[in-house]
Amino acid sequence: MKTLTPLTVLLYFSFFGADTFAQVDYEKDIQPIFDASCVSCHGSTSGVNLANYDAVMNSVGDQYGTEIVVPGNPNQSPLVDKIEPSPEIGSRMPQGGPFLSNDEIDLIRNWIAEGANEVAVSNEMISEVPEGFEMIDNYPNPFNPQTIISFTSPVTSAYNLNVYNATGVLIREFSGVTNNPKTQVQVNMNDLPSGIYIYRVKITSGNRSFFLESQKMTLTK
Ligand code: HEC
């Protein structure tokens, strides 16, 4: 039987999930900001044109003399300088206001920091589990009504832990971000009948996702 190390791990629930790692999506998140606040003045073919992705990426500011988006570098991008207070050159955009909200400015900053991609780079699903990631048998097992499900993750990772009943119906969902070598999630099944349950952990680390081996556990009331 495995011995348990002290419960050191924070529990997170679905409000702090794996989408912490999701990238900003240009069409969904960025173009609508330009459409609402910029294209009325920057929709033509000359100068700064913010009507679509290609136009944005090819726009060269007359005054700055450079392309307005520098992928990976929001601080060097005239586009960011112009929407924040006190730009280096000229007036803050949108000219005459109302200015963008801090959330909108952050989205634009993040989109550029992530590489200013047209399509959000999605996580690649891989079938081989990288070294150091491993399920640990839940403890206790059989259990009533609580058990602890654990896994190891050598680097900061987002996880989703799903518990299914024997017919495959999803009955519990946990998710979070962990930088703990051993993550422990406490699961309480006091509202459920005795029986066999199956659980599976999905990990997202860097831009890779993979499943750890699924396991069975028995609730005995
Ligand atoms: C009401 C018209 C108007 C709106 C709306 C507007 N702009 Fe501008 N924009 C201008 C004018 C005029 C200039 C040139 C004068 C200046 O830079 O202050 C300019 C200049 C710029 C430049 C610098 C170009 C250069 O010459 O280097 C950028 C970048 C820019 N705007 C981005 C934006 C963004 C992003 C938005 C929306 C959030 C926006 N603008 C909304 C009128 C507008």
Side-chain angles (χ1 to χ4, degrees), residues 10-126 153 155-160 173-179 202-210:
L10 306 163
L11 284 183
Y12 294 85
F13 297 95
S14 43
F15 59 82
F16 190 46
D19 42 1
T20 318
F21 285 70
Q23 289 206 329
V24 178
D25 185 274
Y26 181 81
E27 285 304 327
K28 187 165 77 59
D29 303 319
I30 304 299
Q31 186 62 51
I33 300 175
F34 296 154
D35 287 345
S37 302
C38 318
V39 291
S40 57
C41 300
H42 294 287
S44 69
T45 46
S46 63
V48 170
N49 182 348
L50 304 176
N52 58 62
Y53 179 79
D54 288 338
V56 171
M57 298 308 287
N58 291 320
S59 282
V60 173
D62 297 339
Q63 303 169 88
Y64 286 80
T66 59
E67 290 185 342
I68 61 169
V69 174
V70 181
N73 201 336
N75 290 334
Q76 294 294 318
S77 298
L79 177 75
V80 172
D81 188 50
K82 281 298 257 187
I83 57 177
E84 294 188 333
S86 317
E88 268 173 46
I89 301 174
S91 53
R92 186 179 182 187
M93 293 291 131
Q95 202 187 42
F99 302 128
L100 301 185
S101 68
N102 288 339
D103 285 350
E104 290 173 316
I105 294 171
D106 282 349
L107 266 176
I108 292 171
R109 276 191 157 274
N110 290 345
W111 166 66
I112 295 176
E114 289 169 354
N117 298 306
E118 182 171 16
V119 176
V121 177
S122 59
N123 294 316
E124 187 196 0
M125 201 70 204
I126 56 172
S153 51
V155 296
T156 302
S157 310
Y159 66 86
N160 296 79
E173 257 182 299
F174 304 88
S175 59
V177 174
T178 180
N179 55 12
K202 180 183 165 193
I203 302 273
T204 299
S205 178
N207 56 0
R208 302 169 308 174
S209 296
F210 47 90

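For the single chain, residues carry numbers from 1 onward in sequence order.
- Contact record, Ser153 with Thr178: OG-CG2, 3.6 Å, taken as the closest heavy-atom pair.
- A side chain to side chain contact (heavy atoms under 4.5 Å, CB included) with Leu50 holds for exactly one of Ser37, Ser40, Cys38; it is Cys38.
- Residues Arg109 and Asn75 meet the side-chain proximity criterion, which asks for heavy atoms closer than 4.5 Å.
- Between the side chain of His42 and the backbone N or O of Val48, at least one donor-acceptor pair lies under 3.5 Å.
- Leu79 contributes atom CG, which lies 5.0 Å from atom CD1 of Ile112 (distance to the nearest 0.5 angstrom).
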Margin query: Go through it in stages, so that I can follow the logic: the residues are Val119 and Tyr53, the test is side-chain contact (heavy atoms from CB on, under 4.5 Å), and I'd like the CA-CA distance, side-chain angles, deciding distance and then a yes or no.
Written below: CA-CA 10 Å; Val119 176; Tyr53 179 79; over 6 Å; no

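- In this structure, Asn49 contributes its side chain and Ser44 its backbone to a donor-acceptor pair below 3.5 Å.
- For the pair Gln31 (side chain) and Ala51 (backbone), a donor-acceptor distance under 3.5 Å is present.
- Atom CG of Asp103 and atom CG of Asp29 lie 11.5 Å apart (nearest 0.5 Å).
- Between the Ser205 side chain and the Ser157 main chain, no donor and acceptor come within less than 3.5 Å of each other.
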For residues 91-98, which side-chain N or O atoms pair as donor and acceptor with protein atoms under 3.5 Å away, sequence neighbours left out?
from	atom 1	to	atom 2	distance (Å)
Arg92	NE	Ile83	O	3.0
Arg92	NH2	Ile83	O	3.2

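- At a threshold of 4.5 Å between non-hydrogen side-chain atoms, the residues Pro71 and Met57 count as touching.
- Annotation: the span from Glu88 atom CD to Lys82 atom NZ amounts to 10.5 Å, rounded to 0.5 Å.
- Here the closest heavy-atom approach between residue Tyr26 and residue Pro32 is recorded as O-CD, 4.2 Å.
- The structure places OG1 of Thr204 at 7.5 Å from CE of Met125, a figure rounded to the nearest 0.5 Å.
- In terms of modelled atom types and a separation under 3.5 Å, the side chain of Ser77 and the main chain of Val70 share a donor-acceptor contact.
- For the atom pair CG (Leu100) and CD1 (Ile33), the distance works out to 6.5 Å, reported to the nearest 0.5 Å.
- Here the side chain of Trp111 pairs no donor or acceptor atom with the backbone of Asp25 at under 3.5 angstrom.
- In terms of heavy-atom proximity, Val60 sits nearest to Gly65 at CG1-C, 4.1 Å.
- Taking 4.5 Å as the limit, every side-chain heavy atom of Ile30 sits out of range of all side-chain heavy atoms of Val56.
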